[in-house]
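Below is one structure, written out as C-alpha cells, with a few remarks after it.
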Amino acid sequence: MRAHRHTAGGPFAAAGRPVAPGSPADRTAPGAGITRLPGPRHSRTPPAPRVAGAWARLMRRLGYRRYGAQGGDFGSGISRALALIAPDEVVALHVNGGTTYPSATEDDPTLTERERARVRRMNEFMGEAGGYLAIQSTRPQTLAYGLTDSPVGQLGWIIDKFRDMTDLAKELPHEAIDRDVLLTHATLYWLTATAGSSAALYYEDARSWGEQRRSEVPLAVAQFTVQDIALRRDEEKLNNLVRWTDHDRGGHFAAMEAPDLLLQDIREFFADYGA
C-alpha cells in the first residue's frame with residue numbers, strides 16, 4: 001500500500017514530532033541523514049535502484065563508508081536496493097511495512113491468525129481503495145492536471161489515502177494524525193505542483209517489476225497493525241531477516257501515527273550495528 005513519496009529519514013522528520021537522532025535535541029543516537037526522494041525522470045533504470053544509486057554516491061561524497069538505512073513505503077524498496085548496490089557499505093537495514101507483498105492466499109492453512117488478517121486486509125484494500133494505484137501507474141499526468149489545478153482536489157486525494165492507510169481503530173484521518181500535519185502535506189504538494197512527479201514514480205515502478213535478488217545485509221522489519229501486510233516468510237526468502245516486530249498501534253504511516261514505537265524499534269536495532 002503506497003500513497004505518496006516518503007522521505008528516507010521519514011521516521012525522524014515526519015510531522016516534526018520525533019526528534020531526529022543526532023540532532024541538537026537528541027544526544028542518544030548516532031548521526032542521521034534525512035533526505036527527500038527526488039522526483040522521477042525518464043530513464044531505463046527502475047526508480048528504486050536509480051534513487052538508491054544517488055544515495056550511495058551522496059554518502060560516499062559526504063565521507064561515510066559504513067552506515068545504516070531506514071525506510072517505509074517506497075523507502076523500504078529503495079533502502080533494500082541500496083543494500084544490493086552497496087552491500088559493503090550498508091551495515092544494516094530497518095524498514096517499516098516490509099519489502100514484499102503477501103504470496104499466500106487467505107485460506108492458506110499455514111498462516112497464523114495475524115498473517116491471515118494481513119492477507120485479508122490486503123484483499124479488502126485492493127478491492128475498495130486500490131484505484132489510485134491503477135491510475136497513478138497508468139495515467140499519472142492526466143490525474144496531475146486536476147490535482148495541480150485544484151487545492152481542494154489535491155487535499156481530497158491525499159486525505160483519502162490517509163483515511164485508507166492509517167490505524168483501523170481510528171475512524172477519521174485526523175484522529176490518527178494531527179490535522180495540521182495532514183494539511184501541511186497537502187499544501188506542500190499543491191504549492192510545489194508535484195502531483196505529477198510524485199505519481200510518475202508509480203508509473204515507472206509498474207514497468208520495472210521483475211525477479212528480485214536476495215539481499216544478505218541484516219534486515220529488521222517493524223509491522224504496525226494489519227495495515228502493514230508483509231509476511232515474515234516472504235521477507236525471509238529475499239532478505240537476511242534478523243528482527244521482526246509486530247506493533248498493535250499505528251498503521252502504514254508509522255512515523256506520524258506511532259513515532260515513539262518506531263523510533264524505539266530503530267534505536268534498539270541499530271544499537272547492535274556500529275556504522
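Atoms considered below: every heavy atom in the structure, side chains included; atoms not considered: hydrogens, waters and symmetry mates.
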Do the side chains of R80 and L238 get nearer than 4.5 Å, heavy atoms only? yes
Looking only at heavy atoms, the pair that brings A104 and L111 closest together is CB-CD2, 3.9 Å
Heavy atoms only: give me the nearest D234-Y101 pair and the separation to one decimal. OD2-O, 3.5 Å
Between R163 and L172 (side chain of the first, backbone of the second, donor and acceptor by atom type, cut-off under 3.5 Å), is there such a pair? no
Modelled atom types, side-chain donor and acceptor of Q70 and N96, under 3.5 Å: yes
Under 30°, 30 to 60°, or over 60°: which ring-plane class applies to F162 and F253, parallel, tilted or perpendicular? tilted
Can you name the residues that form a salt bridge (Lys or Arg N to Asp or Glu O under 4.0 Å) with E175, not counting sequence neighbours? none
Does T194 use its side chain to pair, donor to acceptor, with the backbone of S197 at less than 3.5 Å? no
Main-chain N/O of E216 paired with N240 side-chain donor or acceptor, under 3.5 Å: yes
Hey, mind stepping through E204 and R50 against salt bridge (Lys or Arg N to Asp or Glu O under 4.0 Å) and telling me if it holds? CA-CA 11 Å; E204 293 193 13; R50 189 170 71 242; 2.9 Å; yes
Show the nearest heavy-atom pair for residues A230 and E235, with the distance to one decimal. CB-OE2, 3.7 Å
Kindly indicate, with the supporting measurements, whether the criterion salt bridge (Lys or Arg N to Asp or Glu O under 4.0 Å) is fulfilled by R116 and E113. CA-CA 5 Å; R116 197 179 314 281; E113 286 307 307; 3.7 Å; yes
Is there a donor-acceptor contact under 3.5 Å from the side chain of W244 to the main chain of R232? no
Return yes if some donor-acceptor pair links the side-chain N/O of E124 with the main-chain N/O of R121 below 3.5 Å, else return no. no
Can you tell me how far OG1 of T142 sits from CD1 of I135, rounded to the nearest 0.5 angstrom? 7.0 Å
W190, I159: one ILVMFWY side-chain cluster at the under-4.5 Å cut-off? no
Any side-chain heavy atom of V91 within less than 4.5 Å of one from Y67? no
Which residues pass the salt bridge (Lys or Arg N to Asp or Glu O under 4.0 Å) test with R120, not counting sequence neighbours? E106
Begin from the C-alpha positions of L231 and M122 and carry the test side chain to side chain contact (heavy atoms under 4.5 Å, CB included) through to its verdict. CA-CA 11 Å; L231 303 181; M122 179 189 70; over 6 Å; no
In terms of heavy-atom contacts, L82 and A69 come closest through CD2-CB, 4.0 Å
If you look at every heavy atom in T138 and Y203, which pair is closest and at what distance? O-CE1, 3.6 Å
Does a side-chain heavy-atom distance below 4.5 Å link Y132 with W157? yes
Note, F125 side chain near H252 side chain (heavy atom, < 4.5 Å): no
On the six-membered ring of F269, is R267 placed so that its NZ or CZ lies under 6.0 angstrom from the centre and within 45° of the ring axis? no
Counting only heavy atoms not in R65, do more than 12 fall under 6.0 Å of its CZ? yes
Chi angles and distances behind the salt bridge (Lys or Arg N to Asp or Glu O under 4.0 Å) call for D167, K170: CA-CA 6 Å; D167 194 332; K170 309 293 184 180; 6.0 Å; no
Is there a donor-acceptor contact under 3.5 Å from the side chain of S208 to the main chain of D205? yes
Taking a hydrophobic cluster as the set of Ile, Leu, Val, Met, Phe, Trp and Tyr residues connected by side-chain heavy atoms closer than 4.5 Å, whether directly or through intermediates, do V181 and L183 fall within one such cluster? yes
Can you list everything that forms a side-chain hydrogen bond (donor to acceptor under 3.5 Å, both in side chains) with D88? Sequence neighbours excluded, please. none
Same apolar cluster (I L V M F W Y, side chains within < 4.5 Å links), V95/L84: no
Without hydrogens or angle criteria, can the side chains of N239 and S215 be said to hold a donor-acceptor pair below 3.5 Å? no
With sequence neighbours left out, the residues meeting salt bridge (Lys or Arg N to Asp or Glu O under 4.0 Å) with R139 are none
To the nearest 0.5 Å, what is the distance between CG on L143 and CD on Q136? 6.0 Å
Counterpart residues, salt bridge (Lys or Arg N to Asp or Glu O under 4.0 Å), relative to R60 (two or more places apart): E89
Between S198 (side chain only) and A195 (backbone N and O only), is there a donor and an acceptor less than 3.5 Å apart? yes
For V152, the hydrophobic cluster (side chain heavy atoms closer than 4.5 Å, chained through members) also holds none
Rounded distance (nearest 0.5 Å) linking atom CG of D160 with atom CE of M165: 9.0 Å
Any chain of hydrophobic side-chain contacts (each under 4.5 Å) joining Y64 to V217? yes
Linking I/L/V/M/F/W/Y whenever any side-chain heavy atoms sit under 4.5 Å apart, do I78 and L62 land together? yes
Checking side-chain polar atoms at under 3.5 Å, does T110 have a donor or acceptor matched by the opposite partner on R233? yes
Distance in Å, E128 CD paired with N123 CG, rounded so as to fall on 0.5 Å steps: 10.5 Å
Answer yes or no: does atom CZ of R213 have more than 12 heavy-atom neighbours from other residues, nucleotides or ligands under 6.0 Å? no
Taking every non-hydrogen atom, the tightest pair across G53 and I85: N-CD1, 3.7 Å
Is a side-chain donor or acceptor of R118 paired with a backbone partner of T225 at a separation under 3.5 angstrom? yes
Side chains of E115 and V226: closer than 4.5 Å at any heavy-atom pair? no
Run the numbers on D246 and F224 for side chain to side chain contact (heavy atoms under 4.5 Å, CB included), then give the verdict. CA-CA 6 Å; D246 285 304; F224 291 82; over 6 Å; no
N/O donor-acceptor pair under 3.5 Å between T245 side chain and A222 backbone: no
Taking side chain as C-beta onward, heavy atoms only, is D149 less than 4.5 Å from Q154? no
Is there a side chain to side chain contact (heavy atoms under 4.5 Å, CB included) between Q227 and T166? Walk through the geometry before answering. CA-CA 7 Å; Q227 290 288 51; T166 48; 5.5 Å; no
pair L93-P218: side-chain heavy atoms closer than 4.5 Å: no
Check the pair I229 / V119 against side chain to side chain contact (heavy atoms under 4.5 Å, CB included), numbers first and verdict last. CA-CA 7 Å; I229 58 174; V119 175; over 6 Å; no
Minimum side-chain heavy-atom gap D265-R243 below 4.5 Å: yes
Would you say that more than 12 heavy atoms from the other residues, nucleotides or ligands in this model lie under 6.0 Å from the CZ of R179, or not? no
Would you give the length of the straight line joining atom CG of L219 to atom OG1 of T99, rounded to the nearest 0.5 angstrom? 6.0 Å
